[in-house]
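Letters go in sequence order (proteins before strands), and every chain restarts at 1. Keep in mind the model is a prediction, meaning the values are calculated, not measured.
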2 protein chains.
Amino acid sequence: MKSIAQQLGVTVSTVSRALQDHPRIGLRTRERVHELAEQWGYVPNSTAINLKRKRTFNIGVVLPFLTEQFFSMAISGIEDVAIGEGYSVLLMQSRNDYERERIAISTFIKHGVDGIIVSLASETHNNDHFSTVNNHGLPIVFFDRVARNLPNSCVYADLTEVTTEAVDYLFRRGIDRIALLNGPGTLQATDERLTGYLTALASRGVPVNQAYLKNLDLSRDNTIRAMNELLELPEPPRAVLAFHDYIALDAMQVCRERGLVINQDIFFVSYSNLSFCAYLEQPPIASIEQFPYEMGRKAAEFVIATISDPAATERQINVIRPALTIRPEWRIDQ
Amino acid sequence: MKSIAQQLGVTVSTVSRALQDHPRIGLRTRERVHELAEQWGYVPNSTAINLKRKRTFNIGVVLPFLTEQFFSMAISGIEDVAIGEGYSVLLMQSRNDYERERIAISTFIKHGVDGIIVSLASETHNNDHFSTVNNHGLPIVFFDRVARNLPNSCVYADLTEVTTEAVDYLFRRGIDRIALLNGPGTLQATDERLTGYLTALASRGVPVNQAYLKNLDLSRDNTIRAMNELLELPEPPRAVLAFHDYIALDAMQVCRERGLVINQDIFFVSYSNLSFCAYLEQPPIASIEQFPYEMGRKAAEFVIATISDPAATERQINVIRPALTIRPEWRIDQ
DNA sequence: CTGTTAGCGCGTTCAT
DNA sequence: ATGAACGCGCTAACAG
C-alpha cells in the first residue's frame, strides 16, 4: 500500500479508501489505485486488518479422530458454513485424550480464534479448560459429544427414542436377548442409549439382564474383551446394540472368529450408519443415522452467530432427530 | 498489558520485558508482573505479535477428502509435527474440484498462512493458482498427489516398482489376465501404476491387452461402469489392480452383484491398505501401504524448514517406499 | 474528495 | 533497571 501510495503521490489512507471503494473518492484515483494494486499483486495483510478488527476470522475445532468418518463428515459441514461466512477452520484432534484436548483449547485461545467447536474426548473427566474459555468470553459450541453441566450452546442427536425404536424392532423380529455395548459413562450419549434401551424393555415387561450391559472405553482391546464375555454367558445375546459402527465391526469379528454367522446366529444394530458398512457382505441389519454433516453445519452456525452478536448470550440447543435405518433386506413389511 | 502496567505504576514496555523474562529487569518487578498476569488471566494477543513478526504460525492444508482415511491419516502426521513446532493447521477440502482448490489457495494467501501443503484435486488441470503462490514467495509443498512441472518440494510414494511387484505376485499365483483400474491422467501416480504394470508384463513377455486398462475419474458411477465393461469382455480379467481401496470396494460389489465370488472367481489388489478392509469377509488379497502418516509428517517438516529458512530454496523431494502387503492367508511361502 | 492523526497490542532500540 | 518513542500494516474519525 505504501509503495502504491508513493507512486501515485497520495496518502496511504487514500489508497486504503480507494481499495474499499469508499463512496467519496476520486473516480480516477480509485481506478488508478486498483490498477496498480492488480499490477503489483497487492494482497491485503489480514494480520493487520485483524488486529484492528479484533477478530481473526478463525474458528477452532477440536474433535477425537478425523479417521472416524462421523467426524470427517461433521467437519465438512463446519467447513462449508465457515467458508461461506468468511471464516477459516483450525483443526486439532484430541484422540480421545484429555491432555491433548486441554492443549488444543489453550493453543486456540493463545492463537486467538474467534470461536471454538468441540466434540469431547471420551477421557475428558473435567471441564476446567472449558470454564476458562467461558471466562474469556470466547464462544464455544459443543456437538455430538456434549459436556454436561456447561452452559454452552450445543447440537447433538438425542438417541433415547431412536434406541427404544431399535430395540423394539429387534423384539418384533422375535429377538429378546439383546446386549448393549455402550460407551464411557462420561458421555451424555451413553446415558441416552441406556435409557432408551431400558424403556423398550420396560414397555414389554422384559427383565433387565445386567450382564448384557457393557460400558466400553472405545479401545479395540476393550471391545474385544467385552464381546467375548458376552458370548461366554450361559445365555449369550442374540443381538447386540453397538455404540457405533467401528465397535460393531470389532465385535462382529470376534463373533466370526468364534464360528458364529452374522445375521443368522447373531444380529447387530449400531450407531452412525457409515458408508463403508454397505460394503460388508453381512452388515449390521440396521444403523442409526445421526446426520453428522448437518450437526457440523448447525454447530458452525451457532458459533458464528454468537461471534457476530456476543450480546445474545442465550444458550442455543439443537437436537437432531436421528433415524433408524434398516437395511432393505431386513425391513419388516407393515 | 496496559492495565497491569498501570496497576504497577510502570510502563507497558517494562511489562512486556518482564513477561519475556528479559535479563535486565528488576527481579521484584518481574515477579509481580507474572503474578498479576496470572491473576488477570492475561493472554498475549498473537495477532499483534504476528503483525510484528510478520508470521502467522498457521500452515494451510488443501486435500481432496477427509473422509478418505488416507488423507485423515496424512493430516494427523501434519498436525503432529506442526503442533510440535508451534504451528496450527488450517484445513480445506477440495473435494477433487479444481474451483474449490483455487478458492482454498487464495483464501490461504489472503488469510496469510506461512506455508501451504497440498494434495492435488483429481480434476486440477492447470497450475496457475500455484504459480501465483510461488511468485508470492510462499512456501508450498505437495504430497501424494503431486503436481507435474512445478519446482516445489514434494513427498510421495513412487508406485512404479511396487506395482511391478504386485503384478508379479499375481503372475506367480498363476493369474495372467490382470486389469488395471487406474486413476485420472492428471496424476503422476497414474503414470507410475501404468509403468509398473507394463514393466511386469514386459518382463514376462505377456502381451498388453488394452481393454484391461481403464482410466477412472474416481467417481462411483464411473468405477461401476468400467468394472462392468471389464466383466463383459470375451475374456474377462481374473484379477484387478484398483487405484485404491475405495475403488476396489465399488468394483468388488459389481462383481458380487454379477454372481462372482471374490477371491475365487476374481481377485483384487489395491492401493492404500486402509484399516477397514480387515473387516471384509473377502478383502483384497493384497494392498499397497503408502504410509500416509509418514508422508504427512515429511510434508510438514519440509514446509516448516522452508519457512524457517527461506534462503534455502532448494527443492526437496522425498520418495516414500511403499510396501506390498499381502494378507496372511494369501502369502506365497518361499 | 483527500491529507492528518491516532490507535489496534506488542516488541525493540535508544536513551537515561 | 526502566521509560520514551517508534513501527508492524491498516482503518477511521476528524479536519479541511
Regarding B:Glu79 and A:Arg100, does a basic nitrogen lie under 4.0 Å from an acidic carboxylate oxygen? yes
Sidechain-backbone polar pair: B:Thr186 side chain, B:Ser122 backbone, donor-acceptor under 3.5 Å: yes
So if I take residues 35-47 of chain B and measure heavy-atom distances to DNA chain D, which residues fall below 4.0 Å? none
Show every donor-acceptor pair shorter than 3.5 Å between a side-chain atom in residues 291-306 of chain A and any protein atom, with sequence neighbours excluded, or say none if there are none.
{"residue": "A:Tyr293", "atom": "OH", "partner": "A:Asp80", "partner atom": "OD2", "Å": "2.5"}
{"residue": "A:Tyr293", "atom": "OH", "partner": "A:Arg297", "partner atom": "NH1", "Å": "3.2"}
{"residue": "A:Lys298", "atom": "NZ", "partner": "A:Glu301", "partner atom": "OE1", "Å": "3.1"}
{"residue": "A:Thr306", "atom": "OG1", "partner": "A:Phe302", "partner atom": "O", "Å": "2.8"}

With a 6.0 Å cut-off (strictly less than), is the heavy-atom count around CZ of A:Arg32, excluding the residue itself, greater than 12? no
Close side-chain approach of A:Met92 to A:Val61, heavy-atom, < 4.5 Å: no
Quick one, A:Trp40 and A:Ser3 - any side-chain contact, counting heavy atoms below 4.5 Å? yes
For the CD1 atom of A:Ile116 and the CG atom of A:Asn134, what is their distance to the nearest 0.5 Å? 9.5 Å
Where is the tightest heavy-atom contact between B:Leu120 and B:Asn96, given as atom of each residue plus distance? O-OD1, 4.4 Å
Any A:Ile109 side-chain heavy atom under 4.5 Å of A:Val133 side chain: yes
Are the aromatic ring centres of B:Phe130 and B:Phe142 under 6.0 angstrom apart? yes
Scan residues 12-34 of chain B against DNA chain D and write down, sorted by residue number, each residue with any heavy atom closer than 4.0 Å; if none is found, say none. B:Ser13, B:Thr14, B:Arg17, B:Arg24, B:Ile25, B:Gly26, B:Thr29
Can you give me the bend angle of the helix from C:dC1-D:dG16 to C:dT16-D:dA1? Use the axis through the first five pairs and the one through the last five, nearest 10 degrees. 50°
Using side-chain heavy atoms (C-beta onward) and a distance below 4.5 Å, is B:Ser76 in contact with A:Gln93? yes
Just how far, in rounded Å, is C1' of C:dC8 from CD1 of B:Ile49? 14 Å
What does B:Gly9 touch in the nucleic acid at a heavy-atom separation under 4.0 angstrom: a base, only the sugar-phosphate, or nothing? sugar-phosphate
Who pairs with B:Tyr156 by ring-ring contact (aromatic ring centres under 6.0 Å, His included), at least two apart in sequence or on another chain? none
Quick check for you: name the first and last nucleotides of DNA chain D, 5' to 3', having an atom under 4.0 Å from a heavy atom of chain B. D:dA1 to D:dG9
Tell me if the centroids of the rings in A:Tyr98 and A:His125 come within less than 6.0 Å of each other. yes
Would you classify A:Leu51 as touching base, sugar-phosphate or nothing, given that sugar-phosphate means primed atoms plus P, OP1 and OP2, and contacts are heavy atoms under 4.0 Å? base
